[in-house]
Amino acid sequence: MTEFAFLIPLLPLFAFAMIVFFLRWNEKVASGFSIAMILTSWVMSVWILFETIARDGAPYEIFFHLTSFAALNFEVGILVDPLTAIMLIVVTTVGSCVQIYSLGYMHGDPRFSRFFSYLSLFLFSMLGLVLANNFFMIFIFWELVGLTSYLLIGFWFEKKSAADAGKKAFITTRIGDLGFIVGLLLIGTYCQTFNYQGVFQALGDGVMPAGVLTMAAIFLFCGAVGKSAQFPLHVWLPDAMEGPTPVSALIHAATMVAAGVYLVARSMNVFVHSADASLVVAIIGITTSFIAATIALVQNDIKRVLAYSTVSQLGYMIMALGLYGVDTAHGHHSPGFYAGTFHLMTHAFFKGLLFLGAGSVIHAVHTNDIQEMGGLWKKMKITAPAFCIASLSIAGIPPLAGFFSKDEIVASTHGHPVFYVLTLAVAFMTAFYMWRLCFLTFFGKPRDEHRYEHAHESPKSMSYPLAFLSLLAIGAGWVGIPGLPGIGEFAFHAEPYHTHVDVLGMLIATTVGLSGIILAYFVFYKKAIDADKVAERFRPIHTFLLNKWYFDELYDLILIRPIMAIGRFLWTFDARVVDGIVNGAAWLTMLWSDAKMWFDKWIIDGAVNGAGWIVRKSAAGMRYMQAGQVQFYALFVLLMIVIFGIAKIFVNNWWPLLVALFAGGALLLGFTARRSGDDDSAAGAYEAEK
Amino acid sequence: MQYYLILAGILFAIGLFGVITRRNTVGILMSLELMFNAANINFVAFNKYVITGDLAGQMFAIFIVAVAAAEATIGLAIVLLIYRNWRGIDTDNYSIMKW
Amino acid sequence: MAEHASVGIMFWILAIVVVVSGFLVVSLRNIFHCALFLMLCLTAVAGIFITLDAEFLAVAQVLIYVGAVSVLMIFAIMLTRDLADKQIPQTNKHAMLAFLGCTAFVLGIILVLSGTDMWRWAKTPLPVENVMTIGKLLMTKYVLPFEVISILLVAAMIGAIVLARKEKA
């Protein structure tokens with residue numbers, strides 16, 4: 001089956017093409033076909049995962065040569081190793097759930113079929129990205145993912161905010177991609193290849209000076225920063241919540257943003273050569289994580305809270321990977337790599353679940369504002385438990401999936417006290433704001449009776465994926481139970497990681513998560529502490545957080561305004577100086593051309609017109625040859641054959657006679673045609689009729 | 001052998017004559033079929049008398065028949081289209097590419 | 001060319017039928033009659049094929065040409081009926097010139113062919129199992145052209161449908 005791994009991305013592409021070209025007009029068939037394709041991909045992915053496990057994780061690679069510039073080869077190929085296998089499962093699982101969920105969520109949308117075609121295209125690019133075997137291909141799919149993300153965020157492009165959010169996401173990630181390109185070029189220049197194995201081998205041989213390598217790694221990381229919404233390019237992700245909620249779940253929680261983390265994990269071999277670059281990665285990761293967690297504390301839009309939570313969790317993963325790089329560069333043993341990928345997987349499941357649950361809630365109450373919800377548990381018997389399971393999972397409560405992966409993240413900060421403290425703080429905040437969300441949404445008294453009355457459980461197509469993902473949010477972590485052989489021996493970098501039981505660490509992590517939940521319980525359920533009063537007391541901080549640390553305003557101030565100012569200045573410069581020069585030049589040119597005109601008019605035109613006159617006169621006679629009637633041409637051919645036959649037989653190719661015969665025949669025919677043309681009234685009649 | 005070839009030649013000439021002179025487009029198509037058949041007779045005759053090896057001539061004739069069928073289909077579709085657009089299939093009428 | 005005398009007689013009869021009906025096809029005024037004579041002519045050509053030991057081709061000729069193509073022609077004639085009936089001249093102004101040219105062409109061919117014997121005559125007779133041999137060849141040596149021709153036919157059918165379909169509006 002692994003030999004056919006290339007089919008996994010091609011099936012959604014096929015679905016995309018079929019929907020765009022043939023199935024667009026029938027919504028049921030279009031969506032059904034799309035779902036069938038992704039489910040097939042999912043089955044294949046599961047199969048491949050088992051085959052990869054059976055192979056003990058030995059990488060499988062096939063590729064063919066595309067073209068080469070000088071010594072640089074471009075290949076198309078696939079690489080299946082444990083990391084890829086896990087990513088395939090994650091992408092196809094969440095993708096399938098989201099597509100099925102969209103059946104209900106997008107029901108009645110005028111662009112229903114198009115939505116599914118976009119989803120298929122996105123899955124194609126994401127799966128291609130995961131399967132690529134070289135940096136060149138990953139970049140192509142990377143950009144494709146960016147494009148589809150743009151299309152999907154701006155799916156409801158009638159809404160200006162949605163169209164703007166699409167643009168913002170596209171442009172912001174593009175800044176990161178610029179860095180990515182530079183990193184790629186550096187790697188390509190020094191290693192003379194883009195193939196992962198080739199690059200890593202070349203780096204191992206030390207073809208790159210240490211400084212350049214650090215630069216290349218940081219530039220590569222720029223791409224990940226853009227795509228995974230890390231500080232300082234995180235601003236696009238919350239805005240991207242303008243897209244339909246299934247899109248948020250698929251792209252902005254489970255898969256696309258994971259691409260950045262995947263890239264860092266994939267090119268781990270680059271980072272382990274540079275402790276500096278890895279440290280940058282880790283610092284960016286924890287900074288992002290902390291900032292996003294604080295912002296999430298006060299947001300009221302259910303999707304934005306989740307968006308910041310995503311940013312925060314991605315920061316976790318990035319940090320873990322970065323710390324792995326640092327530790328490995330210093331020769332220490334670290335669970336960071338394993339923790340990052342593990343958390344990537346569990347996070348995809350429970351965050352996808354959270355988003356789909358949020359979509360279900362929004363579907364029910366038609367608002368994003370959690371202040372207007374409340375008490376929905378009674379109304380939504382599937383969504384609410386699913387959402388709470390995911391919240392417990394993300395808060396790190398055993399034995400749910402998030403507990404194990406988060407535990408490993410915490411473990412990877414071993415030996416870095418600052419990171420350790422911040423990680424625990426973020427874990428506490430995560431538990432707090434997630435349960436704030438839960439209590440405000442599902443428990444207590446309904447705060448808006450009208451909306452509460454109209455709330456209802458979502459259709460089956462939406463609740464089944466929720467149930468399925470709930471199972472994963474509970475159980476996905478069990479593959480990494482400490483002390484047992486699990487994912488650590490499977491997805492590893494360089495050497496397998498054997499998990500070991502760290503009771504104290506677990507206890508601390510669980511306590512932190514539980515205390516977050518309990519605080520949220522007292523504040524938002526028991527009302528033992530009045531949240532508004534606390535907000536009043538810390539008004540400046542509250543406002544600061546509510547405005548997302550003023551990042552958008554900051555960028556407006558330091559980037560957009562100066563650029564606009566420069567633009568205005570350039571415009572003025574343009575109008576005065578450049579236009580002056582241009583106009584002066586034009587004046588001189590006109591003077592010169594006056595002089596030339598005289599010459600042109602009498603000398604050149606005379607010659608040209610003379611030639612034209614000759615052609616016109618001779619054509620007057622010849623044009624009758626062009627009768628416009630195919631039969632006439634056929635006749636001409638026949639006569640010429642006869643003439644040449646006669647000439648061949650009787651005069652044995654005496655060329656002057658041939659020429660004479662040819663000219664005579666042509667003239668004769670021309671004459672006939674002219675006669676028939678002149679008295680031919682039929683053509684005239686047709687034209688008159690027209 | 002020569003007789004077959006001469007017969008084919010005559011049939012070809014008749015077809016050609018038809019193609020050149022017919023005013024009705026369907027007539028032209030029919031004449032074209034005659035020309036195809038003339039060519040087929042040639043192929044089969046050569047196949048019998050000159051190159052008997054592997055029936056190449058007959059195979060070729062079969063393919064010609066198939067192509068001719070395709071040609072007739074398309075030709076007639078075009079005729080219908082012209083007829084519908086111009087209310088007539090007289091070749092003298094459609095000489096809009098005339099000088 | 002030692003052949004049974006009946007083959008020679010058959011050839012002459014068929015040849016005359018072919019030429020006469022062929023000439024009528026291109027010269028009759030009523031286009032419908034032309035089509036009928038086309039069928040006759042093509043059937044006679046099928047007969048010619050039989051004298052040339054090409055039985056399969058003869059059958060195919062009758063099936064495809066007489067059965068299908070001619071019927072198509074008649075359909076087309078009927079669909080474009082209003083022109084066919086009128087006793088307008090069915091030939092255009094090139095008739096005289098074309099007739100001269102074609103006659104010269106035929107004469108030239110006769111002249112050339114009667115004065116030459118340029119072929120190496122075959123030593124071996126044709127295979128007797130005509131249909132079987134053709135079937136085998138179609139599926140082995142000529143399988144690629146065979147497939148191509150089938151694709152061509154499908155394309156022609158689709159093309160014909162697209163061309164002849166009435167505009168929706």
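Values in this document were obtained by computation on a predicted structure and should not be read as measured data. Values reported hereafter were calculated over all heavy atoms of this structure, with side chains retained and with hydrogens, waters and symmetry mates removed. Proteins come first, then strands; the chains are lettered A, B, ... in the order of their sequence lines, and each starts at number 1.
Counting heavy-atom pairs closer than 4.5 Å to chain C, the top-ranked of the candidates B/Gly18, B/Ala70, B/Ala72 is B/Ala70. For the set C/Phe75, C/Phe49, C/Phe146, the entry with the most heavy-atom pairs within less than 4.5 Å of chain B is C/Phe49. Options B/Ala38, B/Ala45, B/Gly15 differ in how many heavy-atom pairs under 4.5 Å they form with chain C, and the most are formed by B/Ala45. Counting heavy-atom pairs closer than 4.5 Å to chain B, the top residue among C/Leu152, C/Val106, C/Leu137 is C/Leu137. Ranked by non-hydrogen atom pairs under 4.5 Å with chain C, the options B/Leu16, B/Asn37, B/Leu76 are led by B/Asn37.
For chain B, the nearby parts of C/Ala15 are the backbone and the side chain; heavy atoms of each come within less than 4.5 Å. For C/Tyr142, the parts sitting under 4.5 Å from any heavy atom of chain B are the backbone and the side chain alike. The contact between C/Cys41 and chain B is made entirely by side chain atoms (from C-beta outward), counting heavy-atom distances below 4.5 Å. Looking at C/Val45, only its side chain comes within 4.5 Å of chain B, counting heavy atoms on both sides. Proximity to chain B involves both the backbone and the side chain of C/Leu138, based on heavy atoms less than 4.5 angstrom apart. In this structure, the portion of C/Phe11 lying under 4.5 Å from any heavy atom of chain B is its side chain and not its backbone.
With rounding to the nearest 0.5 Å, the separation of CD1 in C/Ile110 from CG in B/Leu5 is 11.5 Å. If you take OG on C/Ser21 and CG on B/Leu11, they are separated by 8.0 Å, rounding to the nearest 0.5 Å. In this structure, the separation between CD on C/Glu55 and CD on B/Gln58 is 7.5 Å, given to the nearest 0.5 Å. Put simply, CG on C/Asp53 and CG on B/Asn47 are 10.0 Å apart, with the number rounded to the nearest 0.5 Å. One distance of note links CG of B/Leu7 with CH2 of C/Trp12; it measures 9.0 Å at 0.5 Å rounding. To the nearest 0.5 Å, atom CD1 of residue C/Ile149 and atom CD1 of residue B/Ile64 are 9.5 Å apart.
Note: C/Phe99 and B/Phe17 have perpendicular aromatic rings, judged against thresholds of 30 and 60 degrees for the angle between ring planes.
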Q: Begin with the C-alpha distance, continue with both residues' side-chain angles, and end with the deciding distance and a verdict on side chain to side chain contact (heavy atoms under 4.5 Å, CB included) for B/Tyr49 and C/Leu52.
A: CA-CA 9 Å; B/Tyr49 293 114; C/Leu52 284 169; 3.8 Å; yes

Q: Given side chain to side chain contact (heavy atoms under 4.5 Å, CB included), test B/Phe63 with C/Val148 step by step and report yes or no.
A: CA-CA 10 Å; B/Phe63 290 130; C/Val148 171; over 6 Å; no

Q. Checking side chain to side chain contact (heavy atoms under 4.5 Å, CB included) for the pair C/Val26/B/Leu34: CA distance, chi angles, key distance, verdict?
A. CA-CA 10 Å; C/Val26 296; B/Leu34 289 184; 4.3 Å; yes

Q: Go through C/Lys141 and B/Met59 one step at a time and tell me if the side chain to side chain contact (heavy atoms under 4.5 Å, CB included) criterion holds.
A: CA-CA 10 Å; C/Lys141 190 172 171 188; B/Met59 297 304 302; over 6 Å; no

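Listed in order of number, the residues of residues 56-65 of chain C that approach chain B to under 4.5 Å between heavy atoms are C/Phe56, C/Leu57, C/Gln61, C/Ile64, C/Tyr65.
Counting non-hydrogen atoms of neighbouring residues, nucleotides and ligands closer than 6.0 angstrom, the CZ atom of C/Phe105 exceeds 12 such neighbours.
Pairing each heavy atom of B/Thr73 with each of C/Ala160, the nearest pair is CG2-CB, 3.7 Å. The minimum heavy-atom distance linking C/Ala35 with B/Met30 is given by the pair CA-SD, 3.6 Å.
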